[in-house]
Structure formats: structure tokens, C-alpha cells
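Nothing here was measured: the structure is a model prediction, and the numbers come from that model. All ligand and atom numbering here is 1-based and tracks the order in the structure. We use all heavy atoms of the structure for the numbers below, so side chains are in, but hydrogens, waters and symmetry mates are not.
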Amino acid sequence: MEYTFLKTALTDGICTLTLSAPKSLNALNSALLNELGHFLDNIDPNVRVLIITGDGDKSFVAGADIAEMSTLNEQQGYEFGKRGADVFRKIEKLPIPVIAAVNGYALGGGCEIAMACDIRICSANARFGQPEVGLGIIPGFSGTYRLTKLVGMGMAKQLIYSGKPIKSDEALRIGLVNAVYEQEELMSQAMKLAKTISANAPIALKYAKECIEAEYDLPADEAIAYENHMFGKCFATEDQKNGMHAFLNKEEVKFEGR
Ligand code: DAK
């Protein structure tokens, strides 16, 4: 599939995916969401870490496309919300780590797509917010769910009820992002983190992601049993044999993901 709204670059197993709708500050229209769904369903198996960013130096994603949403009826609104939510869920279910490199506005659906990623870092000019109630709607791409998980109910309610964006330093303070960098450093820092991650065992990374996602909503005994089961499965991999052999023999290891 030829993409109109996505740009991709692959280097050493690290894929940078740039969301690109510059005329609307990279707002998420249906065609962009369809392309993103297609990309995630067909991701190159050689990709070990995915970085998602926005085109330009002003905006990551300025939300769902308001022009497109403005004429929807109830059923169409439901379908539009479901399309976005389903695509974002694919990010969470990818068997590889995903880093959001937030390079400016992350409003509405922009904040929501960042929250579906495993790790968020941002530029100093980034702004995060859920301004939907000011448009007569609620966050519709799973924002009420993920923001509450990430920053707690009190702060999530304040952000969603006020609709007021916060700056990068406040996003860092409340744990919505892990680090803030100058704009010109953001992508090199994202790449540095991606390289560190991609040097580790791919199957172990996949299992770690699966555990963290699955265990979050489970009661303690079930969560611990789940981790125990996945820990055991690691010992059926070549990566475990190679990783431990290399450590004991003071050698470098290159994981093959087997
Ligand atoms: N959609 C469409 N166009 C947008 C846009 C958006 N979200 N954001 C910006 N644009 C367009 C502007 O209309 C403008 O277009 P032209 O006038 O040049 O044709 C161009 O991008 C540049 O924007 P500005 O001129 O406004 O630029 P400024 O620097 O002055 O302001 C801004 C930047 C990001 C602060 C401002 O553009 C802004 O406030 N944008 C809207 C942000 C926003 O409210 N985002 C949340 C969208 S709501 C659901 C499914 C999903 C959702 C909800 C429910 N279901 C159906 C259940 C999700 C909703 C959202 O994400």
C-alpha cells in the first residue's frame, strides 16, 4: 500500500514512523488512521523498536480531524471512535517496544496515540491535553482509560474536565512523559534509547511487554502466576542460552530473536 500520510525509515532494526498531515498539524483523519492500521498489521518482522513522531517541529498530532468529525451522527461518531481506538490498541499489542517522540502539540487523539505507546519522550515545546469537552465530545480514542492509568484519577479528571493543555515540564512532573529534550535533540535521544532497547533479546522484550500489559488489570496472585509462566517460557529460547553463555564467558552477545 502506498502511504499518503505516513513516512517510514528503517535503520538497524529501528523504524521511525512519521505521521504527516502538515496542513492540519498532523490531525488524525480516517485515511491516516486506515494507513496506520495497515502499517501496524504489516510491520516488517525485522523491526525491533518502533519510534512514532509527527511531521514538522510544531505538532506531534493536533487531535482527531475536527473538520471530518463535525458532520458525524451518533452511529458515525461511534464508528470513527472505534476505528481510532482499534488502531491504537494495535500499537499496544505490537510485540515490540514503541516509543512516542512527541515533537509539539499532542492534543486529543494526539495525546491518546502517545499514551498507547510504551514510552513517551518529548521536546520542550510539547503540549499535552484532552480538549474534547470544549468541542462537545469526550476523549474517544481510549483517553479516559489510558490517561487515568498513567497519571491517576485525580489528575486525569482535571485534564479532561478543564480541557486545558499542560506544558512539557508539567507532563514530566505527573509522569505522562519520561524525559524532555530540546527539539533538535529529540530524535537523536529517541534513537539512542531505541538502540539500547534493540540490543536486548527480542523475545524477552516481547514477553516483558505482554506481562506488563496483561498483569496490570489482574489480581496479584494471577499477575504473579502469569509472569512466572512467561519467565519459564524464556528458557525455551536460544536468546536465553546465548545471553547467559555470553555473560559467563565474558563475550559480546548478538541476539537473533529465536
Ligand atoms: N483537526 C483539523 N484541523 C486542525 C486540527 C484538528 N484537530 N488542529 C489544527 N488544525 C488545522 C487548523 O484548522 C488550521 O488550518 P487552516 O486554518 O490553516 O486551514 C491549521 O491546522 C493550523 O492550525 P492553527 O492555525 O489553529 O494553528 P495555531 O498554532 O494557532 O494553533 C493548536 C495550534 C493545535 C493549538 C490549534 O490548532 C488547536 O487548538 N487545534 C485543535 C486541537 C484540538 O482541539 N484537538 C482535539 C481534537 S478532538 C471520538 C473519537 C475521537 C475523538 C473524540 C471522540 N469518538 C467519535 C468517540 C478525539 C477527539 C479529538 O482529538
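- The protein heavy atom nearest to atom 48 (S) of ligand 1 is Leu135 CD1, 3.5 Å.
- For the pair Lys23 and ligand 1, a heavy-atom separation below 4.0 Å is found.
- In Arg127, neither the side chain nor the backbone holds a heavy atom less than 4.0 Å from any atom of ligand 1.
- Rounded to the nearest 0.5 Å, atoms CE (Met153) and CD1 (Ile160) are 10.5 Å apart.
- Checking Ala85, Gly110, Pro131 against atom 46 (C) of ligand 1, the nearest heavy atom belongs to Pro131.
- In terms of protein heavy-atom proximity, atom 30 (O) of ligand 1 is nearest to Lys58 NZ, 4.8 Å.
- Ring planes of Phe141 and Phe80: tilted class, angle from 30 to 60°.
- The protein non-hydrogen atom at the shortest distance from atom 24 (P) of ligand 1 is Leu25 CD1, 4.5 Å.
- Taken to the nearest 0.5 Å, the NZ atom of Lys167 stands 14.5 Å off from the CG atom of Leu172.
- Below 3.5 Å of separation, one finds no N or O of Tyr105 facing any N or O of ligand 1.
- If you check which protein heavy atom lies closest to atom 41 (C) of ligand 1, you get Ile66 CD1, 3.9 Å.
- Closest to atom 38 (C) of ligand 1 among all protein heavy atoms lies Leu107 CD1, 4.6 Å.
- Cation-pi check for Lys58 over Tyr105 is not met; the charged atom does not lie both under 6.0 angstrom from the ring centroid and within 45 degrees of its normal.
- Remark: Asp12 does not engage Lys195 in a salt bridge, criterion side-chain N to carboxylate O under 4.0 Å.
- Atom 13 (O) of ligand 1 is not flagged as protein-proximal [any protein heavy atom, distance under 4.0 Å].
- Leu205 and Leu40 fall into different hydrophobic clusters, where Ile, Leu, Val, Met, Phe, Trp and Tyr are joined by side-chain heavy atoms under 4.5 Å apart, directly or via other members.
- Looking at every heavy atom in both residues, Phe5 comes nearest to Ala31 through CE1-CB, 3.6 Å.
- In terms of N/O distances under 3.5 Å, ligand 1 is not approached by Phe80.
- Ranking the protein heavy atoms by distance from atom 51 (C) of ligand 1 puts Phe141 CE2, 3.2 Å first.
- Between Lys149 and Tyr145, the side chains place a donor N or O and an acceptor N or O closer than 3.5 Å (distance only, hydrogens not considered).
- Taking only nitrogen or oxygen atoms, main chain and side chain alike, Gly140 does not reach within less than 3.5 Å of ligand 1.
- Less than 4.0 angstrom separates atom 2 (C) of ligand 1 from at least one non-hydrogen atom of the protein.
- Donor-acceptor pairing under 3.5 Å is lacking for the side chains of Asp239 and Thr237.
- The closest protein non-hydrogen atom to atom 5 (C) of ligand 1 is Ser24 O, 3.9 Å.
- Not a single heavy atom of Glu79 sits less than 4.0 Å from an atom of ligand 1.
- With a 4.0 Å cut-off on non-hydrogen atoms, Leu28 does not touch ligand 1 at all.
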Side chain to side chain contact (heavy atoms under 4.5 Å, CB included) assessment of Leu17 paired with Leu6: CA-CA 7 Å; Leu17 173 68; Leu6 307 182; 4.0 Å; yes
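- Looking only at protein heavy atoms, the nearest one to atom 56 (C) of ligand 1 is Gly77 O, 2.7 Å.
- Checking atom 7 (N) of ligand 1 against the protein gives a heavy-atom contact under 4.0 Å.
- The option from Ala27, Pro165, Ala64 that lies nearest to atom 47 (C) of ligand 1, judged by heavy atoms, is Ala64.
- The closest heavy-atom contact to atom 45 (N) of ligand 1, among the options Gly84, Ala62, Gly108, comes from Ala62.
- Heavy atoms from both the backbone and the side chain of Asp65 come within less than 4.0 Å of ligand 1.
- The nearest pair of heavy atoms linking Ala124 to Ser168 is O-OG, 2.7 Å.
- For the pair Gln130 and ligand 1, no heavy-atom separation below 4.0 Å is found.
- Contact annotation for atom 17 (O) of ligand 1: protein absent (non-hydrogen atoms, distance under 4.0 Å).
- A donor and an acceptor atom, one from each side chain of Asn34 and His38, are nowhere located under 3.5 Å apart.
- Between the side chains of Gln183 and Asn125, a donor-acceptor pair is found at a separation under 3.5 Å.
- In this structure, Lys241 places its NZ atom where more than 12 heavy-atom neighbours from other residues, nucleotides or ligands lie under 6.0 Å away.
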